[in-house]
**Student:** 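The structure's right below; bear with me while I get my questions together.
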Amino acid sequence: MLDIQLLRTDLEQIIHKLASRNYQFPVERFNQLEHDRKKIQTHTEALQAKRNAASKCIGQAKSKGEDASEILAEIASLGDALKTSENHLEQIQSELQAILYEVPNLPHDSVPEGNGEEDNQEIRRWGEIPEFNFAIMDHVSLGENLNMLDFETAAKLSGARFSLMKDNLARLHRALAQFMLDTHVQENGYTETYVPYLVNRNSLQGTGQLPKFEADLFAVTAGNNKTNPSEHHEHFYLIPTAEVPITNIVRDEIIPFKALPLKFVAHTPCFRSEAGSYGRDTRGLIRQHQFDKVELVHIVHPDESYAALEELVGNAEKILQKLKLPYRVMALCTGDMGFSAAKTYDIEVWLPAQKTYREISSCSNCEAFQARRMQVRFRNGNGKPVLLHTLNGSGLAIGRTLVAVLENFQNADGSVSIPEVLQPYMNGLDRLRTAGGK
RNA sequence: GGAGAGAUGGCCGAGUGGUCGAAGGCGCUCCCCUGCUAAGGGAGUAUAGGCACAAAACGCUUAUCGAGGGUUCGAAUCCCUCUCUCUCCGCCA
């Protein structure tokens with residue numbers, strides 16, 4: 001959420017910046033509402049002040065045993081006018097609020113301008129792209145040949161965009177998560193967390209998924225009220241990323257200055273409806289309704305957030321370096337960034353079968369955009385509450401990392417070498433082989 | 001699932017219709033006092049908005065006592081719904 005003061009004082013500039021990320025700010029409507037708001041709010045508050053003063057007088061009169069009927073008569077007509085005015089004001093403010101909740105963050109000045117993916121800027125590359133002297137397979141063929149990856153059965157259990165892993169591949173998947181968590185906790189200074197996978201609306205509103213992106217989420221209701229979920233009964237949403245529960249840890253908190261920066265990590269499944277992505281990445285593990293991810297979140301002083309972003313990307317890169325997987329870091333352009341981000345780096349890993357780099361991590365500085373929605377603050381030198389900055393990034397998406405390991409470390413015989421750093425998590429195993437070849 | 005008790009400021013805790021944004025205490029900040037320390041005395045100490053202003057401070061004003069709604073001239077206090085916490089019973093990984 002943007003600071004409404006900014007919209008009031010510097011609207012032109014903001015409209016321009018939002019346009020760079022393909023967002024048309026509803027200027028006319030906003031100006032109209034603001035104009036009305038000012039008028040109605042002043043009027044409403046004047047009436048309220050009058051009522052409050054009169055009520056106070058009545059109280060005083062009664063406590064002295066005097067007759068208050070004169071004052072009562074005086075404000076008798078006030079009630080209806082006040083009610084009308086209050087209702088009108090509320091209607092205007094909720095419409096303003098709705099606009100505000102749907103406006104994306106402003107891009108940082110260092111973000112390259114552009115319309116879409118093709119305008120993203122490569123920052124650096126790491127690692128050697130492997131060369132194969134045999135016909136390579138993609139991860140689906142590799143996994144199915146190993147008899148460790150089974151999409152047909154997953155479809156029986158749940159449907160499209162689900163997966164079933166077995167045997168050492170399932171274990172390798174677990175090993176990746178453990179390895180990532182351990183690295184971030186032991187070497188990168190993160191606090192490990194275990195968080196809920198079902199969250200309420202407020203949490204999703206805090207990080208920016210709601211109200212705008214409801215269609216991307218899975219919602220669940222308790223069995224006994226699914227036919228008629230009362231508006232009062234909360235229902236839950238499956239988290240689309242651990243960013244939601246982790247970042248909301250600090251919602252409505254004033255963080256002691258000394259505690260900053262906060263750095264949290266969690267390993268969770270993520271659930272996404274993938275509405276609107278029909279036909280994209282239909283094969284394999286790349287795009288699933290359910291996938292695991294290790295997520296990193298920083299809560300930092302506003303002056304530190306861009307340094308923190310570099311640190312965060314570096315922490316995620318370290319995982320790929322340890323796994324010896326080639327990657328590149330991209331600065332997303334204005335048109336390709338997510339809703340809450342002021343600046344985003346994507347890390348893309350090399351996938352030999354696709355002969356391309358694919359996103360495996362997205363690291364964003366949201367500045368105060370989420371903190372404002374969540375009221376996450378610290379006290380400055382004057383003791384005044386000031387919004388903090390929030391950052392989040394994948395460190396890394398586990399399913400996609402598994403894909404990268406399979407494809408990059410495949411051998412001519414269809415086996416897959418296990419990266420050294422993962423072998424301790426695999427009871428020393430150095431290769432995935434078909435069961436028959438064991 | 002059943003029975004009951006609760007939710008008040010940074011924390012504890014009083015407050016069952018009126019001068020209550022809220023007693024008292026703790027904590028914190030500043031000042032005074034005493035060689036230092038301890039003790040003591042005094043003052044201050046919620047948040048988010050709006051108006052006005054070039055802007056800040058000040059000022060005026062509104063809202064907020066778990067959340068939402070209602071009754072009332074007036075609600076922390078009464079009524080309804082929801083959420084959460086605690087105790088006991090039942091069930092359960």
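Chain letters run A, B, ... following the sequence lines, proteins first, then strands; residues in each count from 1.
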**Student:** Flag the pair F213(A) / F339(A) as yes when their ring centroid distance falls below 6.0 Å, and as no otherwise.
**Tutor:** yes
**Student:** Which nucleotide in the list U61(B), U47(B), C73(B) gets nearest to the side chain of I58(A)?
**Tutor:** C73(B)
**Student:** Between S305(A) and E367(A), do the side chains contain a donor N or O and an acceptor N or O under 3.5 Å apart?
**Tutor:** no
**Student:** Which one, G49(B), G18(B), U47(B), comes nearest to the side chain of Q41(A)?
**Tutor:** G49(B)
**Student:** To the nearest Å, how far apart are L72(A) CG and U72(B) C1'?
**Tutor:** 11 Å
**Student:** Give the rounded distance in Å between these two atoms: NZ of K50(A) and C1' of U61(B).
**Tutor:** 15 Å
**Student:** Who is the Watson-Crick or G-U wobble partner of G24(B), with both distances under 3.5 Å?
**Tutor:** C12(B)
**Student:** Taking the ring of F378(A) and the ring of H301(A), is the distance between their centroids below 6.0 Å?
**Tutor:** yes
**Student:** To the nearest Å, how far apart are Q60(A) CD and C73(B) C1'?
**Tutor:** 14 Å
**Student:** Any salt bridge between K263(A) and E311(A), counting N to O under 4.0 Å?
**Tutor:** yes
**Student:** Provide, to the nearest angstrom, the distance between the CG atom belonging to D252(A) and the C1' atom belonging to G10(B).
**Tutor:** 15 Å
**Student:** Using Watson-Crick or G-U wobble geometry with both distances under 3.5 Å, which nucleotide pairs with U34(B)?
**Tutor:** none
**Student:** Does A54(A) reach a base, just sugar-phosphate, or nothing at all? Heavy atoms under 4.0 Å.
**Tutor:** nothing
**Student:** Verify whether the ring centers belonging to F25(A) and F30(A) lie closer than 6.0 Å.
**Tutor:** yes
**Student:** For R379(A), answer base if it contacts any base atom (sugar-phosphate contacts may also be present), sugar-phosphate if it contacts only those atoms, and nothing otherwise; contact means non-hydrogen atoms under 4.0 Å.
**Tutor:** sugar-phosphate
**Student:** Work out how far the P atom of C12(B) is from that of G27(B), and round it to whole angstrom.
**Tutor:** 15 Å
**Student:** How many Å lie between NE2 on H43(A) and P on U61(B), as a whole number?
**Tutor:** 17 Å
**Student:** Between A63(B) and N52(A), is there an OP1 or OP2 to side-chain N/O distance shorter than 4.0 Å?
**Tutor:** yes
**Student:** Could you please name the partner base of G1(B), counting Watson-Crick and G-U wobble pairs only when both distances are under 3.5 Å?
**Tutor:** C89(B)
**Student:** OP1 or OP2 of A48(B) less than 4.0 angstrom from a side-chain nitrogen or oxygen of R377(A), does that happen here?
**Tutor:** yes
**Student:** Below the 4.0 Å mark, does G74(B) have OP1 or OP2 next to a side-chain nitrogen or oxygen of K56(A)?
**Tutor:** no
**Student:** Return whichever of A53(A) or P385(A) has its heavy-atom-nearest nucleotide of RNA chain B closer to the 5' end.
**Tutor:** P385(A)
**Student:** For C84(B), give its Watson-Crick or G-U wobble partner with both distances under 3.5 Å, or none.
**Tutor:** G6(B)
**Student:** Quick check on the 6.0 Å ring-centre criterion: do Y190(A) and H298(A) meet it?
**Tutor:** yes
**Student:** When you compare A63(B) with A75(B), how far apart are their P atoms, in angstrom units rounded to a whole number?
**Tutor:** 9 Å
**Student:** In whole Å, what separates the P atom of C51(B) from that of G40(B)?
**Tutor:** 48 Å
**Student:** Using atom P in both nucleotides, what's the gap between G18(B) and C78(B) to the nearest angstrom?
**Tutor:** 11 Å
**Student:** May I ask you to verify if any side-chain N or O of R37(A) is less than 4.0 angstrom from the OP1 or OP2 atom of U62(B)?
**Tutor:** no
**Student:** Can you tell me how far P of G49(B) sits from CD1 of I92(A), to the nearest Å?
**Tutor:** 19 Å
**Student:** If I pick the P atom on A57(B) and the same atom on G70(B), what distance separates them, to the nearest angstrom?
**Tutor:** 35 Å
**Student:** Taking only the C1' atom of each, what is the distance from G9(B) to G24(B) in whole angstrom?
**Tutor:** 14 Å
**Student:** Nearest-Å distance, CD1 (I40(A)) to P (U62(B))?
**Tutor:** 18 Å
**Student:** Look through every strand shown and name the nucleotide pairing with A48(B) as Watson-Crick or G-U wobble, where both distances are under 3.5 Å.
**Tutor:** U62(B)
**Student:** Who is the Watson-Crick or G-U wobble partner of A43(B), with both distances under 3.5 Å?
**Tutor:** U29(B)
**Student:** Is the base of G49(B) touched by the side chain of Q93(A) through a donor-acceptor pair closer than 3.5 angstrom?
**Tutor:** no
**Student:** Between C1' on A48(B) and NZ on K384(A), what's the gap in Å once rounded to a whole number?
**Tutor:** 12 Å
**Student:** In whole Å, measure the gap between the C1' atoms of A46(B) and G21(B) for me.
**Tutor:** 8 Å
**Student:** Mind checking the P distance from U19(B) to A76(B)? Whole angstroms is fine.
**Tutor:** 9 Å
**Student:** Would you mind telling me which of G18(B), A63(B), C51(B) lies closest to the side-chain atoms of T42(A)?
**Tutor:** C51(B)
**Student:** Any salt bridge between R161(A) and D281(A), counting N to O under 4.0 Å?
**Tutor:** no
**Student:** H389(A) and F369(A): aromatic ring centres closer than 6.0 Å?
**Tutor:** no
**Student:** Pairing check on C73(B): which nucleotide meets the Watson-Crick or G-U wobble criteria with it, both distances under 3.5 Å?
**Tutor:** G18(B)
